[in-house]
Amino acid sequence: MKILHMRNLSGSLAAPVLVAALTISSGCSKSKGGGHTAAQTAPPTVIVASVNQKTVPIYSEYVGQTRADNTVELRARVEGVLQKVYFREGSPVKKGQILFTIDKRPFEASLQSAKAIAAKAVADLAQAQQRTDVLQAQAQLAEAQAVFTKTDQDVKRLTPLAREKAVTEQDLDAAIAQQKSAKATVDARQANLTNLEAAVKYTIERARAEVSAANARVTQAALDLSFCDIHSPLSGTIGFLQVDEGNLVGRGDATLLATVSASDPLLVDFSVSEIEYLKLTDPETVGHRAGALRFDLILSDESLHPYQGTFRVLDRTVDPTTGTVKVEATFPNPGGYLRPGQFARLRVAVAERENAILVPQRAVQELQGSKTVMVVDAQNMVSVRSIKLGDKSDKDVVVLDGLNPGERVIVEGMQKVRAGIQVNPSTGG
């Protein structure tokens with residue numbers, strides 16, 4: 001009876017023990033399975049770049065706006081109907097190229113009329129210069145002077161004869177009367193000649209003035225006729241047409257027809273601070289004056305203009321309200337690829353830094369005012385490193401403290417990792 005009781009007890013304990021053993025075994029099996037899954041999870045892949053050390057140029061960047069070197073508004077300088085347009089809007093034009101024609105017929109008629117008036121004025125001048133009235137008066141005066149001379153001689157001859165009673169007093173009185181009459185005739189004809197000479201001189205001067213005025217009208221008429229053909233004053237790009245063919249232009253104010261701007265070279269205006277101005281012009285840091293600087297132009301799509309620009313002009317004063325100086329650079333623009341009014345960035349090397357430690361700018365993160373990078377060590381473990389930055393150099397930035405040459409920093413995939421985890425670094429091909 002006692003032995004049977006013990007067996008029954010053993011049987012009653014064996015079932016719970018077996019269930020517990022099976023449970024523990026199942027738990028261990030699940031634990032091992034979970035560890036195997038974790039072991040199979042691959043570390044995240046990131047793009048890394050090496051920290052380099054080399055001598056590099058230090059760049060300054062500015063925001064600028066393109067501007068045409070020369071812009072001309074084409075306006076109608078005479079009144080008439082716009083007859084013909086010879087260009088396509090927005091296209092390049094050459095200096096001297098004909099762009100518009102205004103109806104010439106009224107101006108051609110005006111020119112012909114002015115030429116006719118000028119010819120008549122020339123003829124009137126020629127007639128006035130002949131002086132026929134003056135020549136006739138001179139001949140009459142000479143005739144009167146001859147008569148006076150004869151009568152004077154008669155008086156001188158008869159006077160002594162009258163004293164000797166060789167001639168009568170009546171003969172002498174008649175000679176004296178003829179002398180006085182001849183003298184009066186000379187005086188009258190001299191006065192007439194003087195008046196005629198003055199009148200002829202006035203007539204000639206007036207005729208000359210008429211010739212000058214007529215020639216001026218011819219010149220003005222020819223000038224007005226020339227204004228009917230409107231040519232491009234420069235090579236560049238022409239804008240939109242402001243007036244269509246067939247419209248009356250030039251009445252009142254000079255009608256704006258179109259605007260043409262020089263396209264090559266193109267100017268870029270930008271402003272620099274006083275400190276940057278000193279960097280640009282200090283020969284100890286730049287090595288030369290601003291006139292020898294070479295500017296890169298970075299367009300709004302981050303592409304680089306293929307031609308470098310040069311310094312053109314520096315404003316005479318610093319703007320006291322902003323503390324900046326206006327600067328202008330000029331860039332070659334063959335084909336008119338760039339247009340006035342575009343915004344762009346200018347980059348210029350203002351110094352050189354020897355043995356600079358460089359990190360790609362895109363690797364730098366800013367958190368609460370401090371600059372950090374994610375460093376990948378030899379075991380591919382990630383750590384966050386605070387750094388101190390200096391000047392920019394192209395797409396890199398100079399590191400003053402916090403990194404050593406040869407270390408690797410993450411440039412892409414930073415959002416997928418955190419400090420203390422392992423990563424799969426790649427150089428990005």
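All of these numbers come straight from a predicted model, not from anything done at the bench. Along the sequence shown, residues are numbered consecutively beginning with 1. Below, each value reflects all heavy atoms present in this structure, side chains not excepted, and no hydrogens, waters or symmetry copies.
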**Asked** Does a side-chain N-to-carboxylate-O contact under 4.0 Å join Arg385 and Glu407?
**Response** yes
**Message:** Could you check whether any side-chain heavy atom of Val243 comes within less than 4.5 Å of a side-chain heavy atom of Val85, counting everything from C-beta outward?
**Reply:** no
**Asked** Should the heavy atoms of other residues, nucleotides or ligands under 6.0 Å from CD of Gln127 be counted, would the total exceed 12?
**Response** no
**Item:** Between CG on residue Leu358 and OG on residue Ser50, distance to nearest 0.5 Å
**Value:** 12.0 Å
**Prompt:** Any side-chain heavy atom of Ile387 within less than 4.5 Å of one from Thr372?
**Reply:** no
**Asked** Taking all non-hydrogen atoms of both residues, which atom of Glu61 and which atom of Ile298 are closest, and how far apart?
**Response** OE2-CD1, 4.1 Å
**Asked** Would the number of heavy atoms belonging to other residues, nucleotides or ligands and lying under 6.0 Å from CZ of Arg67 be above 12?
**Response** yes
**For the student: nearest non-hydrogen atoms of Ser232 and Leu234, plus distance** = OG-O, 2.5 Å
**Prompt:** Can you name the closest pair of heavy atoms from Leu297 and Leu304 and give their distance?
**Reply:** O-CD1, 3.5 Å
**Message:** We want to know whether Asp152 and Gln179 form a side-chain donor-acceptor pair, criterion being a heavy-atom distance below 3.5 angstrom.
**Reply:** yes
**Message:** Looking only at side-chain N and O atoms, does Asp296 offer a donor or acceptor that is under 3.5 Å from a partner on Gln308?
**Reply:** yes
**Fill in**
What one should report as the nearest heavy-atom pair of Val186 and Leu141 is O-CD1, 3.4 Å
**Message:** Looking at Lys388 and Asp401, is any side-chain nitrogen of the basic one under 4.0 Å from a carboxylate oxygen of the acidic one?
**Reply:** no
**Prompt:** Quick one: CD on Gln422 to CG on Asp377, what's the gap to the nearest 0.5 Å?
**Reply:** 9.0 Å
**Asked** Does the side chain of Phe331 reach to within under 4.5 Å of the side chain of Pro265, using non-hydrogen atoms?
**Response** no
**Prompt:** Which is it for Glu143 and Arg189 under the side chain to side chain contact (heavy atoms under 4.5 Å, CB included) test, yes or no, and what are the steps along the way?
**Reply:** CA-CA 10 Å; Glu143 181 182 356; Arg189 292 185 177 180; 4.0 Å; yes
**Asked** About how many Å separate CG of Leu389 and NZ of Lys371, when rounded to the nearest 0.5 Å?
**Response** 6.0 Å
**Prompt:** Roughly how far, to the nearest 0.5 Å, is the OG1 atom of Thr149 from the CG atom of Asp154?
**Reply:** 11.0 Å
**Request:** Find out whether Thr237 and Val93 are in side-chain contact, i.e. whether some heavy atom of one side chain is under 4.5 Å from a heavy atom of the other.
**Result:** no
**Asked** Can Glu302 and Arg345 be counted as an ion pair, charged N to O under 4.0 angstrom?
**Response** yes
**Request:** Go through the steps for Val398 and Leu400 under the test side chain to side chain contact (heavy atoms under 4.5 Å, CB included), then give the verdict.
**Result:** CA-CA 6 Å; Val398 176; Leu400 303 178; 4.1 Å; yes
**Item:** salt_bridge(Asp229, Lys84) N-O dist < 4.0 Å
**Value:** no
**Message:** Take a 6.0 Å sphere around CD of Gln415 and say whether it holds more than 12 heavy atoms from other residues, nucleotides or ligands.
**Reply:** yes
**Request:** State the CD1-CZ distance between Ile410 and Arg362, to the nearest 0.5 angstrom.
**Result:** 12.0 Å
**Asked** If you draw a 6.0 Å radius around CG in Asp253, do more than 12 non-hydrogen atoms from other residues or ligands fall strictly inside?
**Response** no
**Heavy-atom side-chain contact between Asn380 and Arg408 under 4.5 Å** = yes
**Asked** Which heavy atom in Ala76 sits nearest to a heavy atom in Ile102, and how many Å separate them?
**Response** CB-CD1, 4.0 Å
**Asked** Are any non-hydrogen side-chain atoms of Val51 and Val409 less than 4.5 angstrom apart?
**Response** yes
**Prompt:** Are any side-chain N or O atoms of Ser426 and backbone N or O atoms of Val46, one a donor and one an acceptor, separated by less than 3.5 Å?
**Reply:** no
**Residue from Ile238, Leu241, Val260, Leu257 passing side chain to side chain contact (heavy atoms under 4.5 Å, CB included) with Leu99** = Ile238
**Message:** Minimum heavy-atom separation for Arg312 and Asp69, please, with both atom names.
**Reply:** NH2-OD1, 3.3 Å
**Request:** For Lys150, look at atom NZ and say whether over 12 heavy atoms of other residues, nucleotides or ligands are found less than 6.0 Å away.
**Result:** no
**Prompt:** Do the non-hydrogen side-chain atoms of Leu314 and Val325 ever get within less than 4.5 Å of each other?
**Reply:** yes
**Request:** Give a yes or no on whether a salt bridge exists between Glu210 and Lys120, defined as a side-chain N under 4.0 angstrom from a carboxylate O.
**Result:** no
**Prompt:** So, does Ser110 use its side chain to make a donor-acceptor pair with the main chain of Pro106 at under 3.5 Å?
**Reply:** yes
**Complete:** So side chain to side chain donor-acceptor pair (under 3.5 Å) across residues 212-226, not counting sequence neighbours, yields Gln220-Asp224
**Prompt:** Under a 4.5 Å cut-off applied to non-hydrogen side-chain atoms, are Gln140 and Thr185 in contact?
**Reply:** no
**Asked** Ser303 side chain to Leu299 main-chain N or O, any donor-acceptor pair under 3.5 Å?
**Response** no
**Prompt:** From Leu266 CG over to Thr66 OG1, what is the distance, rounded to the nearest 0.5 angstrom?
**Reply:** 5.0 Å
**Request:** Given side chain to side chain contact (heavy atoms under 4.5 Å, CB included), test Arg75 with Thr255 step by step and report yes or no.
**Result:** CA-CA 5 Å; Arg75 295 182 177 271; Thr255 307; over 6 Å; no
**Under 3.5 Å: donor-acceptor pair, side chain of Asp187, backbone of Ala184** = no
**Asked** Would Arg208 and Glu205 pass as an ion pair if we require N to O under 4.0 Å?
**Response** yes
**Message:** Is there a side-chain hydrogen bond (donor to acceptor under 3.5 Å, both in side chains) between Arg339 and Asn333? Walk through the geometry before answering.
**Reply:** CA-CA 9 Å; Arg339 296 297 176 99; Asn333 187 33; over 6 Å; no
**Request:** Please report the C-alpha distance between Phe270 and Phe295 in whole Å, then the side-chain angles of each, then the deciding distance to 0.1 Å, and finally whether the ring pair (Phe, Tyr, Trp, His ring centres under 6.0 Å) criterion is met.
**Result:** CA-CA 12 Å; Phe270 60 101; Phe295 294 88; 5.7 Å; yes
**Message:** When you compare the side chains of Thr101 and Tyr86, does any donor N or O come within less than 3.5 Å of an acceptor on the partner?
**Reply:** yes
**Request:** Kindly write out the residues that satisfy ring pair (Phe, Tyr, Trp, His ring centres under 6.0 Å) with Tyr307, not counting sequence neighbours, or none if the list is empty.
**Result:** His305
**Asked** With Phe100, which residues qualify under ring pair (Phe, Tyr, Trp, His ring centres under 6.0 Å), at least two apart?
**Response** Phe87
